[in-house]
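Have a look at the structure below, then the notes.
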2 protein chains.
Amino acid sequence: MLKLSKLTDYAAVIMAQIARDPEQAHTAAELAVRVSLPHPTVGKTLKMLSKSGLLESRRGSHGGYVLSRSPAEITASDIIAAIEGPIGMTECSHADGDCELMDTCGVADNWQRVSQAIRTLLDCVTLAHLAQSGPLKLPVQLPIQSVTLPSTTGAVREH
Amino acid sequence: MLKLSKLTDYAAVIMAQIARDPEQAHTAAELAVRVSLPHPTVGKTLKMLSKSGLLESRRGSHGGYVLSRSPAEITASDIIAAIEGPIGMTECSHADGDCELMDTCGVADNWQRVSQAIRTLLDCVTLAHLAQSGPLKLPVQLPIQSVTLPSTTGAVREH
DNA sequence: GTTAAAGAGGACTAAAATGGTCCTATATAG
DNA sequence: CTATATAGGACCATTTTAGTCCTCTTTAAC
């Protein structure tokens, strides 16, 4: 399924919520109500986002969270990485290269390229995009310039 | 992490192994040795791949598995979907729309666009690509023509 | 100062997904 | 008839994930 974890999903929703009112500081309690999720869970998510530097927190009375950068400067990659750690399709796509199947694997290099392509894609999607309420009519080509894949004779399929 | 499951990883390695010698029928036992994985696990993976139509099986003595299409016509999407089911980053990106948080979510549409982009990307990666042993020097631009994202004022970041 | 509101940090539990094994049935070649 | 394979599940152990809770610290207001 290549799915995001629930917490990551929550994180995106919460970040979008904050992005729609970026001046205010938002408390966990308030956000929990807005996104219809339990307070402790929202709190946990906010802590993670804060710890990875996507949010800034103010403690004490009148405290809460604000975005540490503008919505256009926070990417989907950032949010995913904040909750799930480094983005990669395989263990070996980022790790310290201690996969014992390296020699019999034979596909590691190419999976890494694909992982890189997905990272690039997610780098292009900003919180500003995500926070937009409805689907927009204006299509924009996604630039994936930095992505390269090995060429096989005619093996790129057309769809 | 946006990670593939181990079984999917195995599936890719196994498919690549078969793709490198596509004439022969390969038994689970033989492939298990080649990819240094336990026989039962390889067997399970092969069954899944066979059930989704990526492999054809011949039972009985002298049996085994062969690709049901050429390596250039089997995509990474196919392999992932065979093991993990439909590709999508969120529950709602393919399901029957019964997410109870729909109204407070506000990001569903855009996640679905991103999911679609990843699907398109993975559709462009074929088994022929994956089966290539080493990293290749010939870079090829990935065509992501069919992918569109909502446009926000200048919110697409350059990298 | 005291108090109330808020986040920080971590421990803990319950539930779900995943990985892996094994068993029985069925098909096929020789 | 027998040996060799896959088909199809059942099953269990492990890991991951989700979710809750408790205590500590910080801050603002009175």
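Model, not experiment: these values are computed from the prediction. Letters go in sequence order (proteins before strands), and every chain restarts at 1.
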Note to self: Quick check on DNA chain D: between A/Ser61 and B/His39, whose nearest nucleotide comes earlier from the 5' end?
What the structure shows: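 The 5'-side residue here is B/His39.
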Next item on the list: Take B/Lys51 and A/Thr8, find for each the nucleotide of DNA chain D with the closest heavy atom, and name the residue whose nucleotide sits nearer the 5' end.
Entry: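 Nearer the 5' end of the strand: B/Lys51.
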Within the structure provided, determine whether [X] and [Y] are in side-chain contact (heavy-atom separation under 4.5 Å).
X: B/Met89; Y: B/Leu2; result: yes
X: A/Met48; Y: A/Leu54; result: no
X: A/Asp9; Y: B/Trp111; result: yes
X: B/Ile18; Y: B/Gln24; result: no

Next item on the list: Measure from the side-chain heavy atoms of B/Lys44 and tell me the nearest of C/dG20, C/dG7, C/dG30.
Entry: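 Of C/dG20, C/dG7, C/dG30, C/dG20 is nearest to the side chain of B/Lys44.
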[X] [atom1] to [N] [atom2]: how many Å, rounded?
X: B/Glu84; N: C/dA17; atom1: CD; atom2: P; result: 13 Å
X: A/His62; N: C/dG7; atom1: NE2; atom2: P; result: 12 Å
X: A/Glu91; N: C/dT18; atom1: CD; atom2: P; result: 15 Å
X: A/Glu30; N: C/dA5; atom1: CD; atom2: C1'; result: 14 Å
X: B/Tyr65; N: C/dT28; atom1: OH; atom2: P; result: 14 Å
X: B/Lys47; N: C/dA25; atom1: NZ; atom2: C1'; result: 11 Å
X: A/Arg59; N: C/dA8; atom1: CZ; atom2: C1'; result: 5 Å
X: A/Leu2; N: C/dT18; atom1: CG; atom2: P; result: 12 Å

Item checked: Secondary structure string for DNA chain C (Watson-Crick or G-U under 3.5 angstrom, | for other-strand pairs) -> ||||||||||||||||||||||||||||||
Checklist line | B/Glu84 side-chain N/O to B/Leu4 backbone N/O, donor-acceptor pair under 3.5 Å | finding: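 Pair absent, no side-chain N/O of B/Glu84 close to backbone of B/Leu4.
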Hey, does [X] reach any base, or is it just sugar-phosphate, or nothing, if we go heavy atoms under 4.0 Å?
X: B/Leu7; result: sugar-phosphate
X: B/Gly64; result: sugar-phosphate
X: A/Ala28; result: sugar-phosphate

Note to self: To check you understand the geometry: which heavy-atom pair defines the closest contact between B/Val42 and B/Leu37, and what is its length?
What the structure shows: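 Nearest pair, atom of B/Val42 first, then B/Leu37: CG2-CB, 3.7 Å.
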Check: Roughly how far, to the nearest 0.5 Å, is CD1 of A/Ile14 from CG of A/Leu46?
Finding: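 One gets 5.0 Å once the value is rounded to the nearest 0.5 Å.
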Check: Where do B/Gln116 and B/Arg119 land on the side-chain hydrogen bond (donor to acceptor under 3.5 Å, both in side chains) test, with the steps shown first?
Finding: CA-CA 5 Å; B/Gln116 183 52 53; B/Arg119 268 192 295 270; 3.1 Å; yes
Check: Do B/Thr120 and B/Asp123 get their side chains close enough for a donor-acceptor pair, meaning under 3.5 Å?
Finding: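 Side chains of B/Thr120 and B/Asp123: no pair found under 3.5 Å.
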Notebook entry, point to check: Taking 5' to 3' order, which nucleotide of DNA chain D is first and which is last to have an atom within less than 4.0 Å of a heavy atom in chain A?
Noted result: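 The contact span of chain A on DNA chain D goes from D/dA18 to D/dA29.
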